[in-house]
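In what follows, a structure is listed as structure tokens, so that the remarks can point back to it.
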Amino acid sequence: MGQPCQQAPNGEVAVRGPLFWFRDDPSHADGAAAVVYESDGVVLCRDGHVLATGPWPALRGQVDMPVHHYPNHLITAGFVDAHVHYPQTRILGGHAGGLTDWLERHAYPEEERFSDLEHARSTAGVFCDKLLSNGTTTALAFCTQHPESVDALLTETSARGMRMVAGKVLMDRNAPEPLLDGADHGYEVSSALARRWHGHGRTGYAVIPRFAPACSPAQLEVAATVRREHPGVLVHSHIAETTEEVAQVGRLFPDRDGYLDVYEHHRLTGPGTVLAHAVHLTSAELARCKDTGTALVHCPTSNLFLGSGLFDLPTALDPAQPVTLGLGTDVGAGTSFSMLTTLGAAHQVARLRGWSLDPLRGFYLATLGGAHALGLADHVGSLAPGHEADIVVLDPAATAPLARCTDRAESLTDLLFGLAVLGDERAVHATYVAGHQI
């Protein structure tokens, strides 16, 4: 266990113990250089940022701050959840026959409640508690159609010092009337929210056309206009989650050459666009995502829970043509806030595709890879000096099955695999946000 947590008001703290982090994608040719591992390392933090990271014997002379020592743990960068729905926090595990049934029975009725600011605030508090207790320090989140939902979440995350990107959902068809808004209203409210929140502390704004079936061409044009008028905001949406959805898009947009082309036609692809699921994209569409710099998010617990399909990890992660990829819990169709549980599910999906996800590559996707997907790799996802001091401390012996597994580990890869397939919220011993233990 760690020492009692003493730290200075400016976030001065040294976090010591076995640690690892990524300089780059470990699947690259020089993969060994992409991963930094120290059996007795330390991260020096001040004013919310990493001052230095390296072996304790080399840096101990620079330590003039409280030391939090975790000798039997594993320290790494805070997790990045690249796709999650905060309004769905309270509806995990809702039984349904598939995506459309689940939306109609659970998601849409719950989201209608977010016109009530108090409900939005209460849920935002629970949501943030769940993220942090699972070691997630950065997220890209859907809110609802209601501006109150955005204000509630970003007020809460700002108070906690978290890195959060979120926005109002845009929908104007094929959903319940209380959740729809016209193009003019969607433009006005989204623009106002972007002005209010984007670049405010550690907060970013995302333009969120929910998915093509719920957006008319006019609403998609609104999303593109807000993006153009507010440089740096992200575009966040869903794509090709189910075969039924893909077929519906074909009927609604008969002039377009597939689902991805709908977004590309409306100038909603490229760097800064993050599309969740992508289960049923064609190989040509995956290649186009790579060519344009459009990021995708793999949401394995959600895809398994709803029976949406098995994401093509082998093609998406092909070293010859890798797509920018992050991992998302996709709560509430996703069944856990834990990025460790999400990694375990990603392993299962890969095996069902006849492939194996290297544990190092998995943890890269959950940290620096996710940061790249969100355009935040210069800020989060790493313990490199200059990055924001978001840190998670994992306990490889948090449960008896996990302890038995990790006790046999002969390498960092073995240890990470055990954490991925047997770990969950209980394996998160401590979480630091901007150098402060939460």
Side-chain angles (χ1 to χ4, degrees), residues 1-7 13-22 35-45 50 53 55-56 66-81 128-138 162 301 327 329 335-347 359-360 362-368 370 380-383 389-438:
M1 300 292 287
Q3 296 177 348
C5 293
Q6 303 171 347
Q7 54 197 105
V13 65
V15 183
R16 178 188 174 192
L19 63 84
F20 79 101
W21 52 280
F22 298 96
V35 185
V36 179
Y37 174 72
E38 300 289 349
S39 59
D40 185 10
V42 65
V43 187
L44 308 185
C45 310
V50 176
T53 305
W56 169 253
V67 178
H68 298 178
H69 191 194
Y70 303 98
N72 300 312
H73 294 71
L74 189 62
I75 300 163
T76 193
F79 294 130
V80 178
D81 188 341
C128 291
D129 286 345
K130 294 302 294 181
L131 290 182
L132 293 172
S133 66
N134 280 281
T136 298
T137 53
T138 295
M162 299 171 66
T301 69
L327 283 176
T329 62
T335 53
S336 174
F337 280 93
S338 171
M339 290 297 285
L340 295 175
T341 298
T342 302
L343 281 168
H347 164 73
L360 287 172
F363 273 83
Y364 168 79
L365 294 176
T367 55
L368 186 58
V380 299
S382 172
L383 298 181
D390 295 342
I391 300 167
V392 60
V393 181
L394 302 174
D395 181 1
T399 66
L402 180 58
R404 286 191 292 269
C405 176
T406 57
D407 186 57
R408 305 192 307 271
E410 297 180 354
S411 65
L412 177 62
T413 298
D414 291 343
L415 185 61
L416 295 181
F417 186 71
L419 283 163
V421 298
L422 295 176
D424 54 25
E425 181 175 356
R426 293 167 293 178
V428 176
H429 182 76
T431 303
Y432 293 77
V433 171
H436 292 274
Q437 185 174 2
I438 304 300

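Predicted, not measured: the structure shown is a model, and the values here were computed from it.
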What are the two closest heavy atoms between C45 and G435, and how far apart are they?
CB-CA, 4.3 Å
For a 4.5 angstrom cut-off between non-hydrogen side-chain atoms, does Y37 reach L74?
yes
Counting distance only, does the side-chain N/O of T431 pair as donor-acceptor with the main-chain N or O of L132 below 3.5 Å?
yes
Measuring from atom CG of L340 to atom CG of L416, what distance do you get when rounded to the nearest 0.5 angstrom?
10.0 Å
The reported gap from CG in L343 to CG in L419 (rounded to nearest 0.5 angstrom) is 9.5 Å
Tell me whether the rings of Y432 and H68 are parallel (<30°), tilted (30 to 60°) or perpendicular (>60°).
tilted
Determine whether I391 and L19 make a side-chain contact, defined as any pair of heavy atoms from C-beta on separated by less than 4.5 Å.
no
Backbone N or O of W21 within a donor-acceptor pair of the T76 side chain at under 3.5 Å?
no
I want to check something: taking the side chain as every heavy atom from C-beta on, are D414 and R408 in contact at a cut-off of under 4.5 Å?
no
The reported gap from CE in M339 to OG1 in T136 (rounded to nearest 0.5 angstrom) is 6.0 Å
I'd like to check T406 versus L415 (side-chain heavy atoms, cut-off strictly below 4.5 Å). Are they in contact?
yes
Counting distance only, does the side-chain N/O of T301 pair as donor-acceptor with the main-chain N or O of T335 below 3.5 Å?
yes
Return yes if some donor-acceptor pair links the side-chain N/O of D395 with the main-chain N/O of V428 below 3.5 Å, else return no.
no
Which heavy atom of E38 sits nearest to which heavy atom of G41, and what is that distance?
CB-CA, 3.7 Å
Does anything in residues 336-345 form a side-chain hydrogen bond (donor to acceptor under 3.5 Å, both in side chains)? List the pairs, not counting sequence neighbours.
S338-T341
Between V67 and V42, is any pair of side-chain heavy atoms under 4.5 Å apart?
no
Parallel, tilted or perpendicular: which fits the ring planes of H347 and F417, with parallel below 30° and perpendicular above 60°?
perpendicular
Shortest non-hydrogen pair, P396 vs H73, comes out as CD-CA, 3.9 Å
Which pair of non-hydrogen atoms, one from A77 and one from S382, has the smallest distance, and what is that distance?
CB-N, 3.5 Å
Heavy-atom closest pair, residues T137 and G78
OG1-CA, 3.4 Å
Gap between atom NE2 of H429 and atom CG of L394 - 0.5 Å precision
10.5 Å
Is any side-chain heavy atom of T367 closer than 4.5 Å to one of F79?
yes
Min side-chain heavy-atom separation D81-F337 under 4.5 Å
no
Has T399 got a side-chain atom pairing as donor or acceptor with L402's backbone, closer than 3.5 angstrom?
yes
What heavy-atom pair brings F363 and F20 nearest, and what distance separates the two atoms?
CD2-CZ, 3.9 Å
